[in-house]
Amino acid sequence: MSAIELRGVTKRYRRFGIRGSRTVTALHDLDLTVRSGEIFGFLGPNGAGKSTTIDLLLDYAAPTSGSVRVLGHDVATESAAVRDRIGVLPDGYGPIGDRTGRDHVEFAINAKDADDDPDDLIDRVGMQGPADYPVAEYSKGMAQRLMLAVALAGEPDLLVLDEPSTGLDPNGARTMRRIVREENERGATVFFSSHIMEQVEAVCDRVGILDGGELVAVDSIDALREAAGGSAAVTLELSAVPANVVDYVRALEGVVDVEIDEPSVTVTCDDAAKAAVVAAFYDSPATVRDVTTSETSLEDLFERYTRGVAQ
Amino acid sequence: MSRLAALALFVREDLRDTVRERQLYLLVGIYVLLGVLLTYSEGRTAARLSGSAPPLTAGLYALFSMVTPLLALAFFASAVVEKRSSGALKVVLGLPIDRATVVFGTFLARSLAIVAAIVVSFAAAVPVGLALGLPVDPAQFVGVVAALVLLAATFTALAVGLSSTVRTSTRATAAAFGVFVLFFFQLWAQLPRIALYVAHGFSWPATTPEWVAFVDALNPMAAYTYLVAGLFPDLEGGTFVRPPAEPTFYQTPAFALAVLAGWIVLALGVGYWRFRTTDL
């Protein structure tokens, strides 16, 4: 069974005005499957439709057409049953009245008929101090930690996290990643959106890239890198650049380009050729002072797949 | 979790919200202060005139018949829409709580809050009234409290219904004001008369047809007035509706009860129907 299944989902927002209405298509005929047990990263630039997709998963909004199934249930007809088994960290949430952090966590535990200890959840996300203050007084990052604790209540089968690291300090972001892994090891499927590639790469099994309301790629990051083409590079800083070695390297299999910028050389090649390139210069009369290698940069990858916002 | 358990949880927490936000204290404070002050001044006036003192409930009825719709609308018109614009609904609806529970649960919790204020106020007025020699008729006392509870529930339903329908707090406030003018200030009674005037070629017909009085009776304030007038004919004031000397069936207490219940169902039904499919 898939954890999430979107079929032909289109979402149009219509705004009525005095001089006719305007329509924005946030999602266009989207098909997306998230397998049970995986960590799925949902990527896309601002305005690509990530939050809209999550709104549809949680029944915050209804699709204009298409079907949304979560954990085998149709969201349109069984939304409360679905939400019994998922943990949610939505975008654009706010505190419920003047309730404290602990009130929020207890409310979630009770609503899910779970037997978690609120203190355990609060400890786990690292917000023990402010738990007894009204959430309205929290900083963004602290509210984000609290909402993660709320999402964790009742050991959900699916975690839906919308931009979870927004506002978190580096420690918080690390805690977030650790919890995502722990929950996944427990057996939960994790679906989270982000526009920060590095975070996605650190934890995700697969990623989907959304752009302009359409899914432009779904795969593991490695596979996406490969598909995007080899633009890995080795940069060597040398005492001098031996011309014969440069010619030799240029002829190596997998080398695309050699660029000389005395006293350093940048070789564009695929990953497999990197070692041979370094060895060739090491064996030459020149002294190798420094070596840096890079993979296809995540920004490059991101840029290659995305181009803009919803039309 | 069963829907009933979810509803019970939502009502309990929403009621606790009215405590956390001091809303309940404020409501009880206003009711008790008004009730005790009025009873005190009535008692002093009765003592000075040394005639027959009016029953305790007469003054409270007149005062709270006006105050209750006003306070219910003023306090509760933002109940749902405020949660929507703050994003709190995203937290609530991210949990296994459905939208019907939000609308109906808010109505129940806020009704309980205002009913508590009414009951506490009447209870506080009794010793003051007795000390100043105002007679208390137990049957009338219970009847007036019950009628006010029903009135409070009706206007709470109207407030929660419109709060579930609109998208911003500003519109909720405007709509609540409109509802108060429509029902309390009898704008409602003008509507059939305007329709009649227009239908009759912009002039008044010689006799007013029966259906105009029927439409009048559908105003919740009219229904409330007919209900109390039918049970306790000596109580008066409090509303702009004059009860008829010889009520027809739609001006009887039984029909009035049905009208009030109908408004509760209609307001919550429309509120839920609009809220059920709306995008947060």
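Numbers restart at 1 for each chain; the letters A, B, ... are given by sequence-line order, proteins then strands. It should be emphasised that the depicted structure is a prediction, and the values quoted were computed from it without experimental measurement.
Looking at B:R12, the atoms closer than 4.5 Å to chain A (heavy atoms on both sides) all sit in the side chain, from C-beta outward. Residue contact with chain A, scored on non-hydrogen atoms closer than 4.5 Å, is absent for B:S85.
Annotation for A:D117: atom CG counts as buried by contact number, over 12 foreign heavy atoms lying within 6.0 Å. By the 6.0 Å contact criterion, CZ on B:R274 is open, its count of non-hydrogen atoms from other residues, nucleotides or ligands being 12 or less. Atom CZ of B:F177 has 12 or fewer neighbouring heavy atoms from other residues, nucleotides or ligands inside a 6.0 Å radius. Crowding of B:F180 atom CZ: a count of heavy atoms from other residues, nucleotides or ligands under 6.0 Å exceeding 12. In the displayed structure, A:R22 atom CZ is contacted under 6.0 Å by at most 12 heavy atoms of other residues, nucleotides or ligands.
If you take CG on B:L93 and CG on A:L58, they are separated by 10.0 Å, rounding to the nearest 0.5 Å. Expressed to the nearest 0.5 Å, how far CG of B:D279 lies from CZ of A:R14 amounts to 12.0 Å. Between the OG atom of B:S86 and the CD1 atom of A:I96 there is a distance of 8.5 Å, given to the nearest 0.5 Å.
Contact annotation: the side chain of A:F107 approaches that of B:L9 to within less than 4.5 Å [non-hydrogen atoms, C-beta and beyond]. Looking at B:R20 and A:T100, their side chains never come closer than 4.5 Å, going by heavy atoms from C-beta outward. For the pair A:R99/B:E13, a side-chain contact is recorded, criterion being any heavy-atom separation below 4.5 Å from C-beta on.
Residue A:V88 comes nearest to B:G94 through the heavy atom pair CG2-O, 3.6 Å, listed as atom of the first residue, atom of the second, then distance. In this structure, A:A111 and B:P96 approach most closely via the heavy-atom pair O-CG, 3.3 Å. In plain terms, the two heavy atoms of B:V91 and A:G94 that are nearest each other are CG2-O, 3.5 Å.
By number of non-hydrogen pairs under 4.5 angstrom with chain A, the leading residue of B:K83, B:R99, B:R22 is B:R99. The greatest number of non-hydrogen atom pairs below 4.5 Å with chain B, out of A:I86, A:D55, A:V82, A:D103, is found for A:D103.
Under a 3.5 Å cut-off, the side chain of B:D17 and the backbone N or O of A:D98 do not form any donor-acceptor pair. Looking only at distances, a side-chain donor or acceptor of A:R83 sits under 3.5 Å from a matching main-chain atom of B:I97. In terms of modelled atom types and a separation under 3.5 Å, the side chain of A:Y60 and the main chain of B:K90 share a donor-acceptor contact.
Listed by chain and number, the residues in a salt bridge (charged side-chain N to carboxylate O under 4.0 Å, His left out) with A:D119 are A:R102 (sequence neighbours excluded). The side-chain hydrogen bond (donor to acceptor under 3.5 Å, both in side chains) check on B:S65 picks up B:Y224, with sequence neighbours excluded.
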